[in-house]
Amino acid sequence: MGKHKAWSSRIALPLSIAVSFLASFPAPSQTPAAPSSTPTSAPDQQPHGQVIFSRSTDDSGQTTTTAGPAAPKTSGQTVSTPVATDAEREALTFTAFDMDVHLRPVAQQIDVRALLTVRNDGHTPLAHIPLQISSSLDWETIRLAGHDLVFTVATLNSDVDHTGQLHEAAIALATPLAPGATLQLDVTYSGSIPQSAQRLITIGTPGDAALHTDWDSIAVDFTGLRGFGNVVWYPASSVPVILGDGARVFDEMGEHKLRMAGAHFRLHLTDEFPHGQAPTVALINGHLVPLALTEPSTAGPEVAGIATSSLDEPALGFEAPSLFLAVRTAHQATNTALYTIPEDDFAVEGWASAASFVTPFLQSWLGQTPRSQLTILDLPDPDDAPFETGPLLVTAIHQGTPDELDGVFAHALTHAWMCTSTSSPPAWLGEGVAHFMGTLWIEKQQGRKKAFESLESGRSALALGEPASPGESPGQPLAQAISPVYYRTKATYVFWMLRDLAGDAALSAALRAYSPAEDAAQGLGPAAGSDYFEKLIEQAGLRRDLTWFFSDWVDADKGLPDIAIDSVFPSHTEGDNWLVAVNLSNSGYAAAEIPVTVSNADASVTQRVIVPARGKATQRILIEGQPTRVQANDGTVPETDASIHIRNLDGAGIDSSSQPAAVQQ
Ligand SMILES: [Zn+2]
C-alpha cells in the first residue's frame with residue numbers, strides 16, 4: 001500500500017486530475033456549420049432509431065455481426081505508415097454523433113454503428129478524413145451517401161487510450177472537403193474492451209496500481225468507458241501524444257473536450273445481459289438514463305435479457321462522452337442517488353448525511369432545487385481512482401470523516417445544480433463554480449483564513465502557467481480554457497473577485513438564473529465567450545460596469561496582476577484624524593480591484609481601488625488615530641508573486657522604509 005501511495009501521488013493524480021478535490025479524501029489513487037460543398041447524406045442515411053445489428057452464431061460457436069441490411073463485412077487496408085497527417089487530424093471537428101451501441105458484456109464485446117457529422121475547421125481542403133478508435137476495436141465499414149468507402153487502417157502510438165494505441169482509419173476523399181464544409185459518414189466498428197494498463201506499464205507503473213487508474217472495461221457487473229483520454233470508444237481525431245511528454249496527454253484531453261463542446265450527441269444503447277444479471281443503472285455522458293428491461297421469464301438461463309436506454313444531448317458541454325452500466329443497489333439521499341456494491345452498503349449512511357448537511361448551504365447560493373440529481377456510482381475496487389463528469393461522480397464509496405464527505409458533496413452537488421438532465425455548462429462555469437462552492441464551504445466551516453489558504457495552494461501553479469505578458473503567448477481565455485489550472489483554479493479566483501465586485505446577492509442571482517442550455521445556444525467550444533454570464537450578473541441589478549473585469553479576466557488571458565505599494569503618505573488632519581495616501585502600481589497586464597486597509601491598534605478602514613493594468617492608482621483613506629500599517633490585497637486577487645502586501649509605518653506615522661514592502665504570504 002505504501003508503494004501505491006507514493007506512486008499514485010506522482011502519476012495517478014494527473015490522470016484523475018478532474019477529481020483532484022478528492023485527493024485530500026482518503027481515496028488511494030491518485031457557429032452553425034458552413035454550407036456543405038459535398039453531398040452530406042442520402043435520404044436513407046438519415047438517423048433512425050431501429051436496431052441495426054443482426055448476429056449469427058455458426059457451428060464452431062463463432063459469432064458474426066452484420067451491420068445494416070445485407071452489408072458485406074469489409075475492412076480497411078492495413079498500412080504500417082499512417083496516411084493522415086497531424087494537420088488533417090487537427091482540422092477535423094465532430095459536430096454530431098448518432099450512435100447505436102450494442103454491448104455483450106459476457107464477451108466484453110461492443111458493436112457500434114455511428115452516423116458522424118464532421119467539419120473541416122482547417123484553412124485548406126482536407127484530402128483525408130482520419131477517424132480513430134481504441135486499438136482493441138476494429139473498423140468494419142465506412143460509408144458515405146450509401147456507398148462503401150475505401151480506407152486504410154494504421155496503428156498509432158498514442159496514450160489517449162488505455163492500450164497506448166489507436167486504430168486510425170484514413171478515408172481518401174475523391175473530392176477534398178473544403179474548409180467549413182461538413183460530411184456525414186456512416187461507420188461501423190466492433191471489438192472487445194477488457195481492462196488495459198498498457199500505457200502506464202510502459203512508463204514503469206506497477207501493474208496493480210496501473211489497473212486501479214485504468215479501470216475502463218466492459219464487464220457484466222460494471223462497464224465503465226470514460227472516453228477520450230482513457231478509452232476511445234467513439235470515433236475521434238487527435239494528434240498522437242505519449243505520457244511522459246510533459247502535460248501533452250492532458251492538454252490533448254482538454255483540447256478534445258473543447259472541440260467537442262456544442263456537438264449534438266445521440267446514443268441508443270442495447271445491452272445483452274446474462275440471465276438474472278440485469279444492469280440496474282445506466283449513465284450516458286454523466287446523465288442518468290432510464291433502462292428498459294426485457295428478460296423472458298419463460299426461457300431458460302441460457303437466454304440473454306436485453307436492456308435498452310438512450311440519451312439525446314442537444315449540445316455537449318466540456319466533456320468526453322462516457323458510458324456506464326452496472327449492477328448496483330440504489331440508495332436515495334438528498335438530491336443524490338448512490339449506487340453501491342454490497343461491500344460498501346455500510347458506508348451509505350455517512351454519505352447520505354453529508355448530502356443532507358451540505359444541501360441548505362448550496363440552496364442558499366444556487367437555488368432551492370438542483371437542475372439535476374447527483375449520481376454517485378461505486379467503483380469495483382476500493383483502490384480505484386475516482387472520476388467525475390457532469391453530475392456523475394464515480395468513486396469507491398468508502399468510509400470517510402464527516403468533514404471529508406461534506407467537502408466532497410459541496411463540490412459534487414454543485415455539479416448537479418449546474419447541469420440539467422441533458423446539458424452541462426462550459427468548464428469555467430462547471431468546474432469553476434464547483435470549486436468555488438467548495439472554498440465557500442471551507443470559509444463557512446473553518447473561516448476565511450482557511451479558505452484563502454486553499455485558494456493560495458493553487459496560485460503558484462497558475463502563476464507559472466500564465467504568460468508573463470499577453471504578447472508572449474495567447475494563454476487560455478477562461479471560456480476556452482483546456483487546463484484545470486485555468487478552468488478550476490483561475491475560475492475559482494474569478495468567482496471570489498466577482499463576489500467582491502458584484503456582491504453575494506447579485507452573484508447568487510446570476511448563478512440561479514444560469515441555464516446551460518441557453519449558454520450552449522450562444523455557442524460553446526473554441527469560439528465561446530462569457531457574454532451570457534456577464535449579462536446575467538448585470539440583470540441581477542448591478543449598478544456598475546464589469547466590462548473591464550470580463551475583458552481582462554475571462555474573455556482574454558492577460559496573465560495575473562503584479563501589485564506593489566509604491567509609497568504611503570500619512571498626514572495629520574484635525575483632532576485625532578489622519579489622512580493616508582496610498583500609492584499603488586500594477587506591473588501586470590490585467591487590471592485588478594483590490595482592497596486596501598489602513599489600520600492601527602484600535603481601528604481599521606478598508607476601501608477598494610482599481611489598479612489599472614501597467615498603471616498606478618492612489619487611494620486616500622481617512623482613519624481615526626495614528627496609522628501603523630497599510631495592507632494591499634487580501635489574497636482574493638491572484639498575483640504573479642505574493643497576493644498580500646503589507647507596509648508598516650513607524651512611530652511618527654511615517655513610511656518607515658524606502659525598501660520594497662514587506663511581503664507576507
Ligand atoms: Zn468537479
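Counting starts at 1 for both ligands and their atoms, following the listed order. We use all heavy atoms of the structure for the numbers below, so side chains are in, but hydrogens, waters and symmetry mates are not. Residue numbers run from 1 in the order of the sequence given.
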Applying side chain to side chain contact (heavy atoms under 4.5 Å, CB included) between W553 and each of L478, L498, L560, report the one that passes.
-> L560

Return the set of residues passing side chain to side chain donor-acceptor pair (under 3.5 Å) with D345 (not counting sequence neighbours), or none when no residue passes.
->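 With sequence neighbours excluded, D345 shows a side chain to side chain donor-acceptor pair (under 3.5 Å) to H331, T340, given in chain and number order.
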
Output yes if H435 passes the N/O/S-under-2.8 Å test against the Zn ion (ligand 1); output no otherwise.
-> no

Residues in ring-ring contact (aromatic ring centres under 6.0 Å, His included) with Y493, at least two apart?
-> none

Hey, which N, O or S atom on E388 ends up closest to the Zn ion (ligand 1)?
->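 Sorting the N, O and S atoms of E388 by distance to the Zn ion (ligand 1) puts OE2 first.
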
The Zn ion (ligand 1) - name of the N/O/S atom of E431 that sits closest to it = OE1

Mutual orientation of the aromatic rings belonging to W215 and F324 [parallel < 30°, tilted 30-60°, perpendicular > 60°] | tilted

